[in-house]
Amino acid sequence: MYNHIKEIVAAAEKTHKPISELIIEQECQLSGLPREKVWQRMKYNLQTMRAAVKRGESGNGVFSKTGLTGGEAIKLKKYREKGHTLSGDTMMAAVENAIATNEVNAAMGVVCATPTAGSSGTLPGVLFLLEKRLQLSEEQMIRFLFTAGGFGMVIANNAEIAGATGGCQAEVGSASAMGAAAAVEVAGGSAEQSAQALSIAMSNLLGLVCDPIAGLVEVPCVKRNGIGAGNALIAADMALAGCTSVIPADECIEAMKKVGHQMPASLRETGIGGLAGTPTGQAIKAKIFGKDA
Amino acid sequence: MTNRYKSVFDIIGPVMVGPSSSHTAGAVAIGRAGYKLFGGTPSKVTVHYYDSFAQTHRGHGTDYAIAAGILGFDSDDLRVPKAPEIARQRGVDLRFVEEDGPSPIGHPNTAILNMSNDKKKVELAGCSIGGGAIEIRKIVLHNTEIQPAGALPIIILVDPHKNIRIEQELTALLHEKAPFSRKRIFHTKNYNIYEYDVENYLHPDLLQELKKKFENIICL
């Protein structure tokens with residue numbers, strides 16, 4: 001198994017294979033399953049993601065039981081139709097996809113965790129934007145997910161991907177780094193550029209705390225996935241432009257782990273600190289769960 | 001060190017009912033581990049939550065997730081949010097307790113399941129490590145405390161015949177088809193218990209073979 005980013009890059013350079021291919025081979029070897037089974041399973045995950053995005057962007061949108069989140073993917077869709085977005089339609093399309101997915105998640109709909117449910121919008125945010133922007137085939141989209149997943153395994157095994165142990169940097173931060181690295185590959189960049197994109201994306205979200213209001217995966221989680229998707233595109237573009245991270249990818253991952261462990265428990269998915277601890281956050285919690293909560 | 005995440009589908013996946021992979025999908029997995037370990041749905045289950053689980057279980061739907069697992073549901077089963085009702089309809093006495101102290105197994109997403117019926121008592125201490133993946137760090141089975149390394153898969157065989165040849169046969173099969181990092185044998189008055197910490201996820205064919213060859217084998 002690839003335990004470090006530099007091993008993935010070295011293997012890709014040596015074999016002249018795309019990273020997605022290396023990860024498919026690794027999965028077949030680890031699971032003992034034939035390539036076709038592994039491919040079909042990822043295809044099913046892709047279909048799940050597409051269905052979630054579609055659901056969040058249809059009709060009046062999707063709303064959570066608490067009413068804290070929902071309908072904002074639709075607001076973004078209508079806003080985009082006017083054609084006056086400040087950051088460009090590409091960026092806002094990615095944000096819309098991301099938010100649509102997390103609104104479905106918050107409403108207890110079906111999503112594919114990438115790597116987590118709280119961060120499940122970031123990767124689809126990037127992927128379904130690139131599908132249109134780069135006219136990706138289904139095969140390329142499935143490859144995107146293998147590449148993202150392969151980098152994600154290294155992050156998960158060397159650091160954390162749970163908000164409770166690493167903060168939001170471990171969830172949306174990891175998702176954004178995975179998305180940036182995979183975006184580089186489908187855009188035709190090198191394995192080294194994928195690693196650079198991962199480093200840049202992760203560095204930019206380092207220190208992000210996990211502070212869900214009332215402990216719900218709604219605020220600020222839904223909007224943070226929009227930022228995760230946007231950050232992934234920015235990092236991927238920077239890497240494709242030849243910009244590099246001073247700190248190598250594996251060290252960025254190590255730094256993320258240490259920062260996570262240094263965070264107080266109040267900022268690690270306890271619903272106590274950060275936005276959850278504000279007067280408004282506390283009032284919402286009391287309203288939903290009662291005063292004794 | 002054994003990697004905690006062993007498949008690309010631990011990262012891209014699981015397909016699940018929201019809202020949280022650690023507090024919902026992972027909680028379903030902990031409940032399912034309890035269901036498998038108990039050998040079905042117990043008639044009484046008390047769930048003890050610690051740290052983040054104690055603070056946020058209500059917001060994350062952890063209660064219905066654990067209940068769903070105890071009923072044997074998968075994390076993408078649309079009945080997941082209704083699981084506590086279904087459990088009660090089936091006569092399961094299901095309770096949730098928020099504990100104040102730190103997790104006895106050293107992880108903020110900890111749930112300890114005390115499961116029983118009129119014949120037996122089983123305890124399982126699990127933690128949800130992120131993205132739906134779980135670790136089982138403590139099991140009490142036939143009054144014997146087992147501390148697995150944590151990461152799944154974990155294979156447990158309770159041998160009422162106390163026949164060392166069964167252990168040898170299982171060990172040989174696993175050596176060949178599913179390398180393990182550690183094996184331990186527990187001798188109790190009425191049983192031998194064999195526990196294996198396996199390196200990679202079990203191939204479906206191997207899972208079938210194990211269940212066919214070894215009566216009452218538990219594959220977590």
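Any value given below was found using the heavy atoms of this structure, including those in side chains, with hydrogens, waters and symmetry copies removed. First the proteins, then the strands, lettered A, B, ... as listed; each starts at 1.
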To the nearest 0.5 Å, how far apart are [atom1] in [X] and [atom2] in [Y]?
X: B:I12; Y: A:M49; atom1: CD1; atom2: CE; value: 5.5 Å
X: B:K6; Y: A:M1; atom1: NZ; atom2: CE; value: 7.5 Å
X: A:E27; Y: B:S7; atom1: CD; atom2: OG; value: 3.5 Å
X: B:F9; Y: A:Y44; atom1: CZ; atom2: OH; value: 12.5 Å

Please tell me if the side chains of [X] and [Y] come closer than 4.5 Å, counting only heavy atoms from C-beta onward.
X: B:H107; Y: A:T165; answer: yes
X: B:L78; Y: A:V110; answer: yes
X: A:E218; Y: B:P19; answer: no
X: B:H23; Y: A:E269; answer: yes
X: B:V15; Y: A:N45; answer: yes

Which bit of [X] is near chain B, if near means a heavy-atom gap under 4.5 Å: side chain, backbone, both or neither?
X: A:N3; result: side chain
X: A:L123; result: side chain
X: A:I272; result: side chain
X: A:V104; result: neither
X: A:L33; result: both

*asked:* Tell me which of these, A:V111, A:T48, A:T114, A:L216, has more heavy-atom pairs under 4.5 Å with chain B than the rest.
replied: A:V111
*Going through the checks in order, is the side chain to side chain contact (heavy atoms under 4.5 Å, CB included) test met by A:M178 and B:I11?*
CA-CA 10 Å; A:M178 289 156 51; B:I11 305 298; 3.5 Å; yes
Heavy-atom closest pair, residues [X] and [Y]:
X: B:Q55; Y: A:T270; value: CB-O, 3.5 Å
X: B:P108; Y: A:A164; value: CG-O, 3.5 Å
X: A:M153; Y: B:Y5; value: CE-O, 3.8 Å

_B:R4/A:E160 ion pair, N-O < 4.0 Å_ =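 Yes.
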_Option from B:N3, B:V8, B:N200 for which side chain to side chain contact (heavy atoms under 4.5 Å, CB included) with A:L30 holds_ = B:N200
*asked:* At a heavy-atom distance under 4.5 Å, which candidate from B:S52, B:G61, B:A54 has the highest pair count against chain A?
replied: B:S52
*asked:* Can a donor-acceptor pair be found, under 3.5 Å and without considering hydrogens, that links the side chain of B:S21 to the backbone of A:A117?
replied: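 Yes: the side chain of B:S21 pairs with the backbone of A:A117.
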*Does A:S31 offer a backbone N or O that forms a donor-acceptor pair with the side chain of B:H203 under 3.5 Å?*
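Here the side-chain-to-backbone pair does not exist.
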*Start with the C-alpha gap between A:V217 and B:H60, add the side-chain angles, then the distance that decides, and say whether side chain to side chain contact (heavy atoms under 4.5 Å, CB included) holds.*
CA-CA 7 Å; A:V217 194; B:H60 284 99; 3.2 Å; yes
*Please walk me through it: do B:M16 and A:C112 pass side chain to side chain contact (heavy atoms under 4.5 Å, CB included)?*
CA-CA 6 Å; B:M16 55 168 283; A:C112 180; over 6 Å; no
Please table the atom pairs, donor to acceptor, closer than 3.5 Å between any side-chain atom in residues 34-46 of chain B and protein atoms at least two apart or in another chain.
unit_1	atom_1	unit_2	atom_2	d
B:T41	OG1	B:I70	O	2.9
B:S43	OG	B:S116	O	3.3

*Check the surroundings of atom CD in B:E98: do more than 12 heavy atoms from other residues, nucleotides or ligands lie under 6.0 Å from it?*
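Atom CD in B:E98 is crowded, with more than 12 foreign heavy atoms closer than 6.0 Å.
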